[in-house]
Number of protein chains: 2
Amino acid sequence: MEQPIGVIDSGVGGLTVAVELMRQLPNEKLIYLGDTIRCPYGPRPKEQVKRYTWQMVHYLLEKNIKMLIVACNTATAYTLRELQSTLSIPVIGVIEPGARAAIKNSKNKQIGVIGTEGTIKSEAYPHTLRTIDQSIVVDGLACPSFVPMIESGVLSGPEAEEIVSKTLKPFKNQKNIDTLILGCTHYPIIKDLIQKEMGSHIQVISSGEETAREASLILAYHRSLEQGNRSPVHEFYTTGDTEKFRHVANRWFEEPIQVLNYVSLDPIQSSAN
Amino acid sequence: MEQPIGVIDSGVGGLTVAVELMRQLPNEKLIYLGDTIRCPYGPRPKEQVKRYTWQMVHYLLEKNIKMLIVACNTATAYTLRELQSTLSIPVIGVIEPGARAAIKNSKNKQIGVIGTEGTIKSEAYPHTLRTIDQSIVVDGLACPSFVPMIESGVLSGPEAEEIVSKTLKPFKNQKNIDTLILGCTHYPIIKDLIQKEMGSHIQVISSGEETAREASLILAYHRSLEQGNRSPVHEFYTTGDTEKFRHVANRWFEEPIQVLNYVSLDPIQSSAN
């Protein structure tokens, strides 16, 4: 029987990872779970993020997933190692794939990272990059205005351009980076704007693309790639309002969401938090 | 004790993979073995290539390698599956990494592959690409003049430009590809020439870069990355003339080869073939 790939996120941002998985692995069925009601995870204490993440993981394990993608930077930073050492299926986060792609690309070993305040403060990217190569210089920049802008549907036009331009100013002309990691799963939605602002000499790395690429390798490595010409029906679950979820998703992507369900995860916790 | 990564090739071409491994994984020690005396493998019967490859593998296993990179397209096509199912260490070839990178990059799913006659005839790239996504259109082109040109040191200038231009003509303007895989480990040496000829709208994928990227992931996945700030002394072995090997390598790369040794693999076989 075909086993799906599970994708978890604190909300809708991880859909950029899901879309790349569908594109690069067209035979694989996905089950996506977004914890929209408790989003964002960034400001929450570590222990709480771990509890929420495990609730999502248990929900997907019952659906017999063969691989877990943690498509959320905060959840990756706090839970990846624990999930990897506890679960018997492969677990992939969104930080390492972007880091490895940046190392592959960068010629001058000067790499920029943009993300939420939480991700930049956590130093997760510099840590991962320097674990592989201590000589890499990493410049981080928090872009707190990007997620609200993207979620409100401002994806192009003068307003979006101005916000992007203002936000990225510290990186333009002042830093010698040749590679920029989009360290937030929302950012690929405005990748073109960011690329235009940074200039064509900067390689912009989207974690979603790179995470899907690494998922492809790990499935091949474990001989568990689906083959043939399938048209899997993906399933999407949200802990929040299904119409709002569908609305955001359909504004971002060409293909409408197929199966969308509401799911309640530990409702006492979620209403208490 | 630190365990090295083993790299095998039929000759010097795999050095492009070795150089990328050194760049992307600066803490890892490499042991490279090039079977220069019996190069090229392309025209040889499958069973012979398998026997030669296994001789190289046994030689490196005695050096306690933690991972094997088969940096040769012919050896990858003929032996990868067997090596992967027989050895207890991870084994990575050069075909799948390039294929996955091309799938990640291509927007129109039209991918070109250039390589030796043997590699193009073997259909190894189309097969690998379509195993992941049946809808991909692959155009292959054999470039028999590239390896002799590169090995003779003609790496730039009018003569090289003319050969590259003539050879790639069938791909220029006539094919709708947006991504080109360099399906031969020699070709990265003239990547700039190929990129210039194809135009900046074509993404040129170098298997060496992608193979090193995937080696990085698999080492991280197995928790066997070397960390800290090491300066490993790599070792190079050739079954052929050491001075010739050093000469070619030093013409291609900035850093001179450190330790270079002659090694005899089954000399009766090699002199008989």
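Each chain gets a letter, A, B and so on, in the order the sequences are listed, and its residues count up from 1.
By the neighbour-count criterion of 12 heavy atoms within 6.0 Å, atom NE2 of A/His58 is densely surrounded, having more than that number from other residues, nucleotides or ligands. The 12-atom threshold is not exceeded at NZ of B/Lys121, counting heavy atoms of other residues, nucleotides or ligands nearer than 6.0 Å.
In this structure, B/Arg23 contributes its side chain and A/Lys104 its backbone to a donor-acceptor pair below 3.5 Å.
Applying a 4.5 Å heavy-atom cutoff, the residues of residues 71-85 of chain B that approach chain A are B/Arg81, B/Gln84. Using a 4.5 Å cut-off between non-hydrogen atoms, the part of residues 196-224 of chain B that approaches chain A consists of B/Glu209, B/Glu210, B/Arg213, B/Glu214, B/Ser216, B/Leu217, B/Ile218, B/Ala220, B/Tyr221, B/His222, B/Arg223. Against chain B, the residues from residues 90-100 of chain A that qualify, each with a non-hydrogen atom under 4.5 angstrom away, are A/Pro90, A/Glu96, A/Pro97, A/Arg100 in number order.
Looking at B/Ser135, neither its backbone nor its side chain comes within 4.5 Å of chain A, counting heavy atoms on both sides.
Heavy-atom pairs under 4.5 Å with chain B peak, among A/Leu225, A/Asn27, A/Asn105, A/Thr131, at A/Thr131. Among A/Glu28, A/Gln134, A/Lys109, A/Arg130, the residue with the largest count of heavy-atom pairs under 4.5 Å with chain B is A/Gln134.
For A/Phe236, the ring pair (Phe, Tyr, Trp, His ring centres under 6.0 Å) test picks out A/Tyr32, with sequence neighbours left out.
Atom CD1 of A/Ile132 and atom CD of B/Gln227 lie 9.0 Å apart (nearest 0.5 Å).
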